[in-house]
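Read the structure below first, then the notes.
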Amino acid sequence: MTENEKTDFIRQMIADDIATGRHIGPVVTRFPPEPNGFLHIGHAKSICLNFGVAEENNGRTFLRFDDTNPCKESEEYVEAIKHDVRWLGFNWEGSLTHASDYFDQLYDSAIQLINMDKAYVDSLSAEEIRKYRGTLTEVGKDSPYRGRSREENLDLFQRMQAGEFADGEHVLRAKIDMSSPNINLRDPTIYRIRKISHQNTGDKWNIYPMYDFAHGLSDAFEGVTHSLCTLEFEDHRPLYDWFLDQLKPTNRPRQTEFSRLNLAYALTSKRKLTTLVEEGVVDGWDDPRLATLAGMRRRGYPPAAIRDFIARVGVTKKENLIEMGVLENSIRENLNYEAERRMAVMKPLKIVITNYPDEKTETVTAINHPSRPELGTRELPFSRELWIEESDFMEEAPRKFFRLKPGGEVRLRFAYIIRCDDVIKNDSGQIIELHCSYDPETRSGSGSSDRRVKGTIHWVSAQHAHSAEVRLYDRLFTVPQPGSDPDVHKNLNPNSVEVVKAQIEPSLSVQDRSVQFERLGYFSLDIVDHSQELPVFNRIVTLRDSWAKIERQAVMISNQANS
RNA sequence: UGGGGUGUAGCCAAGUGGUAAGGCAGCGGGUUCUGAUCCCGCCAUGCGUAGGUUCGAAUCCUACCACCCCAGCCA
């Protein structure tokens, strides 16, 4: 992944600036989450971009918590966000900051604006301010308080901070242009009264700066050179620049916008995610069905796969909706190389090898990775009674079904070829077990037989297998854009998880964090619920399944024939 | 119809006046003791539309169309 270095318009812009001498000195970026929720796949794009761009240019990146609104934010999110960024593979060294670290400087900057007659205290109500702002097509009009003197503004602003007024009584506004076609420039609010204690600054402040004011100046204070954010802030850039023009900090950052990542069938709205978590619709912020970084970690997605995915989707200004298949491809590619192979049966069907000695147990040798011999082999117990996958047997099988059927033969992976002789059913006609016979000449690796058989299936020895709980996940939503519906509950997939009691090979140990269960998919120990007594696995992703595709096509053909 | 953006294949995405990269998906074939992996091949006379400039246009010009964002004392 390192050799095919992805470039994009932002990296090109920075490279050009450096090449032409327009930009001198280190490249400094920042990732500025608001600590009011967990990070999700959309944030991963921003993290990879901001940290990546700085790394590539030997610069550095600030992890800055944008904590300007104490009503919505809390410390627990701060810790979760730090954990997630670290897990994704990035570190901020000494560059961990908060917008609240700059509250004093921000306050001084506000005073400066007042002194320059570029800010004023407005005493209109929120409702009135909205009316005065005008609409998209009509200009706004000046507040009656717009002409207050410096002295009066200074006095009022200082008393706002001193706690003399209630929330909402006054605000501080930038004095720009009420008739600007850009609504952000119609005297935006830059400070509001919030008599609430702040997670970092306690009760020191009765007023808190707004995003537009705090963000650009924090960038400037930190020496950020490139402030990379998402498209919805494009209209705010003139305001971002206006503050810099007025206050002239020694460092002048530049804002550049890119489109956010939208992943099909995933929800990336913090507000809606919070709803699902608080209502208990999902099992916390780290529910493996969620596209949160915590959820993906618990599901078993390798962080390197997520980084690879982000590199593949690129950075542009175009609205996009990335198909799940791209993410799954990155995960499979990573795990195909990384994960050792094991055998497990999700929905067990018992088979009895009738010509195999009753008390006998032997071991067969299984390779741990088909293309990485250095990962070695393991021994698997084989005996008379085995579990195979229910779906690997069909009583009335189509021609192309290469698995077990009455009278048919199949290879047991790493072991023998068997034939199905009898199908045993209970009184209600359900298949309860299969009687098979094996060919002792066909043991894997014996070299004594060149018999070939079309199908190979996985199995575990019934008397040696361990039980495990396995959670088979499917997408949480039934529609590609769950965020576009105001009601998050409406498009939930009722079958987003199926819990099965699986039979797993005994050599599986707790060290095997992520493994491939042969022919099934990649699975990962559940870091929360796993125990020595009852192993718990999450299915990360299935293997590609061309048999499923054949079945789908067969169904389509028969549907066409019937219509 | 005030401002700001974006239109290249089913989904992403290169391309910066010289004749449409790549990935994912899909399709066809080969290898295989995982219907996995791996390998090979196919997949835009076309770049939102219509004009124009040019020997030559996805790239430049003009007009139009579609979609996204903005009217928090949220970020």
Side-chain angles (χ1 to χ4, degrees), chain A residues 4 6-8 12 32-34 36 66 68-69 71-73 122 124-126 129-131 133-140 167-173 180-186 188-194 207-208 210-212 214-215 229-238 257 259 264 270-271 309 311-330 332-333 336-337 341 343 367 369-371 400-403 410-415 417 442 444-445 452-458 516-521 542-550:
Chain A
N4 48 328
K6 281 270 194 173
T7 190
D8 53 65
Q12 280 175 25
E34 184 186 13
N36 67 343
D66 223 330
T68 55
N69 187 354
C71 311
K72 296 167 67 179
E73 297 146 5
D122 198 355
L124 253 25
S125 68
I129 287 180
R130 182 157 54 77
K131 282 183 183 149
R133 185 153 36 227
T135 67
L136 295 179
T137 53
E138 300 160 40
V139 298
D167 286 16
E169 258 187 84
H170 306 287
V171 292
L172 184 71
R173 293 229 256 168
S180 171
N182 181 344
I183 288 178
N184 296 298
L185 262 20
R186 316 239 264 233
T189 300
I190 59 178
Y191 261 98
R192 74 296 213 188
I193 301 170
R194 285 280 181 278
I207 56 174
Y208 293 93
M210 297 285 288
Y211 165 84
D212 284 306
H215 197 86
C229 64
T230 44
L231 250 29
E232 65 271 26
F233 294 105
E234 213 154 18
D235 295 341
H236 295 238
R237 192 176 20 169
E257 311 84 12
S259 56
K270 256 196 209 172
R271 214 195 85 243
F309 165 70
R312 283 177 199 242
V313 301
V315 181
T316 66
K317 297 184 73 131
K318 204 177 97 174
E319 293 292 337
N320 57 74
L321 213 216
I322 312 293
E323 292 176 345
M324 260 297 184
V326 183
L327 212 208
E328 290 180 345
N329 177 263
S330 292
R332 290 192 183 110
E333 195 173 291
N336 177 51
Y337 180 80
R341 315 285 117 130
M343 291 215 281
I367 52 172
H369 194 115
S371 54
K400 284 194 181 160
F401 186 80
F402 304 145
R403 284 120 78 153
V410 77
R411 162 142 245 139
L412 292 174
R413 170 130 244 231
F414 304 124
I417 292 174
T442 57
S444 292
R452 313 202 109 216
V453 85
K454 271 199 199 121
T456 299
I457 65 173
H458 59 277
Q516 181 195 105
F517 287 151
E518 295 217 17
R519 304 211 308 134
L520 297 172
T542 61
L543 255 32
R544 271 199 196 82
D545 187 353
S546 55
W547 170 247
K549 194 174 72 187
I550 292 166

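Chain letters run A, B, ... following the sequence lines, proteins first, then strands; residues in each count from 1.
Protein atom NZ of A:K317 is 16 Å distant from nucleotide atom C1' of B:rC67, rounded to whole Å. Summarising the geometry, the separation between CE on A:M324 and C1' on B:rG26 is reported as 20 Å, rounded to the nearest angstrom. Going from atom CE of A:M210 over to atom P of B:rA71 covers 11 Å, rounded to whole Å. Atom-to-atom, CD of A:E319 to C1' of B:rG5 comes out at 9 Å; the value is rounded to the nearest Å. Distance, A:K72 NZ to B:rC74 C1': 4 Å, rounded to whole Å. Rounding to whole angstrom units, NZ of residue A:K270 and C1' of B:rC74 are separated by 11 Å. Atoms CD (A:E328) and P (B:rC11) sit 18 Å apart, rounded to a whole Å. As rounded to whole Å, 14 Å separates atom P of B:rU37 from atom CG of A:L520.
Among the heavy atoms of the strands, none lies under 4.0 Å from A:E333. Across all strands shown, A:R312 has heavy atoms under 4.0 Å from sugar-phosphate atoms exclusively, and none from any base. Nucleic acid contact for A:E257: none, since no nucleic acid atom lies under 4.0 Å from a heavy atom of the residue. Residue A:H458 is classed as having no contact, given no heavy-atom separation below 4.0 Å to the nucleic acid. A:E323 comes within 4.0 angstrom of a nucleotide base, judged by non-hydrogen atoms across all strands. Nucleic acid contact for A:F517: none, since no nucleic acid atom lies under 4.0 Å from a heavy atom of the residue. Base engagement by A:G168 is indicated by at least one non-hydrogen atom pair under 4.0 Å involving a base atom. Within 4.0 Å (heavy atoms only), A:Y208 reaches no atom of the nucleic acid at all. A:F414 comes within 4.0 angstrom of a nucleotide base, judged by non-hydrogen atoms across all strands. The residue A:T316 sits close only to the backbone: its heavy atoms come under 4.0 Å of sugar-phosphate atoms, none of a base. Residue contacts shown for A:L124 include a base, since a base heavy atom lies under 4.0 Å away.
Comparing B:rG35, B:rU34, B:rC12 against the side chain of A:P370 picks out B:rU34 as the nearest. Of the candidates B:rU16, B:rC12, B:rG35, the closest approach to any side-chain atom of A:T456 belongs to B:rG35. Checking B:rA75, B:rG4, B:rG7 against every side-chain atom of A:E234, the shortest atom distance belongs to B:rG4. The side chain of A:L321 lies closest to B:rC12 when the candidates are B:rC70, B:rC12, B:rU34. Among the nucleotides B:rG5, B:rG35, B:rG15, the one closest to any side-chain atom of A:L231 is B:rG5. The side chain of A:I550 approaches B:rG35 more closely than any other nucleotide in the set B:rG35, B:rU37, B:rC12. Taking every side-chain heavy atom of A:R130 into account, B:rG72 is the closest of B:rA36, B:rG72, B:rA75. For A:K318, counting side-chain heavy atoms from C-beta on, the closest listed nucleotide (B:rA75, B:rG7, B:rC73) is B:rG7.
Considering only side-chain N and O atoms, A:R237 lies nowhere under 4.0 angstrom from the phosphate OP1 or OP2 of B:rC70. One finds no side-chain N or O of A:S371 lying less than 4.0 angstrom from the OP1 or OP2 phosphate oxygen of B:rU37. Between A:T68 and the phosphate of B:rA75, there is a side-chain N or O to OP1/OP2 separation shorter than 4.0 Å. Contact annotation: A:K454 side-chain N/O to B:rG35 OP1/OP2 distance is not under 4.0 Å. One finds a side-chain N or O of A:R133 lying less than 4.0 angstrom from the OP1 or OP2 phosphate oxygen of B:rG72. Note on A:R194: a side-chain N or O is less than 4.0 Å away from OP1 or OP2 of B:rC74.
In this structure, the ring of A:F401 has its center less than 6.0 angstrom from the ring center of A:W547.
Residue-to-nucleotide contacts include a donor-acceptor pair under 3.5 Å from the side chain of A:R341 to the base of B:rU34. A donor-acceptor contact under 3.5 Å is formed by the side chain of A:R403 with the base of B:rG35.
Between the P atoms of B:rG18 and B:rA36, the separation comes to 43 Å (whole Å). Between the P atoms of B:rU62 and B:rC73, the separation comes to 38 Å (whole Å). Atom name C1', nucleotides B:rC11 and B:rA25: the rounded distance is 7 Å, in whole Å. Rounded to whole Å, the separation between the C1' atoms of B:rG35 and B:rG29 comes to 16 Å.
Counting only Watson-Crick and G-U wobble pairs whose two key distances fall under 3.5 Å, RNA chain B forms stems of three or more stacked pairs at B:2-7 with B:65-70, B:10-12 with B:22-24, B:26-30 with B:38-42, B:48-52 with B:60-64.
Side chains of A:N329 and A:R312: a donor on one and an acceptor on the other come within 3.5 Å.
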Close N/O contacts between protein and nucleotides 1-3 of chain B (under 3.5 Å):
residue : atom : partner : partner atom : Å
B:rG2   : N9   : A:L136  : O            : 3.1
B:rG2   : N3   : A:L136  : O            : 3.1
B:rG3   : N2   : A:D235  : OD1          : 3.4
B:rG3   : N2   : A:D235  : OD2          : 2.9

Worksheet item: Under the side chain to side chain contact (heavy atoms under 4.5 Å, CB included) criterion, do A:F233 and A:H215 qualify, and how do the steps go?
Response: CA-CA 11 Å; A:F233 294 105; A:H215 197 86; over 6 Å; no
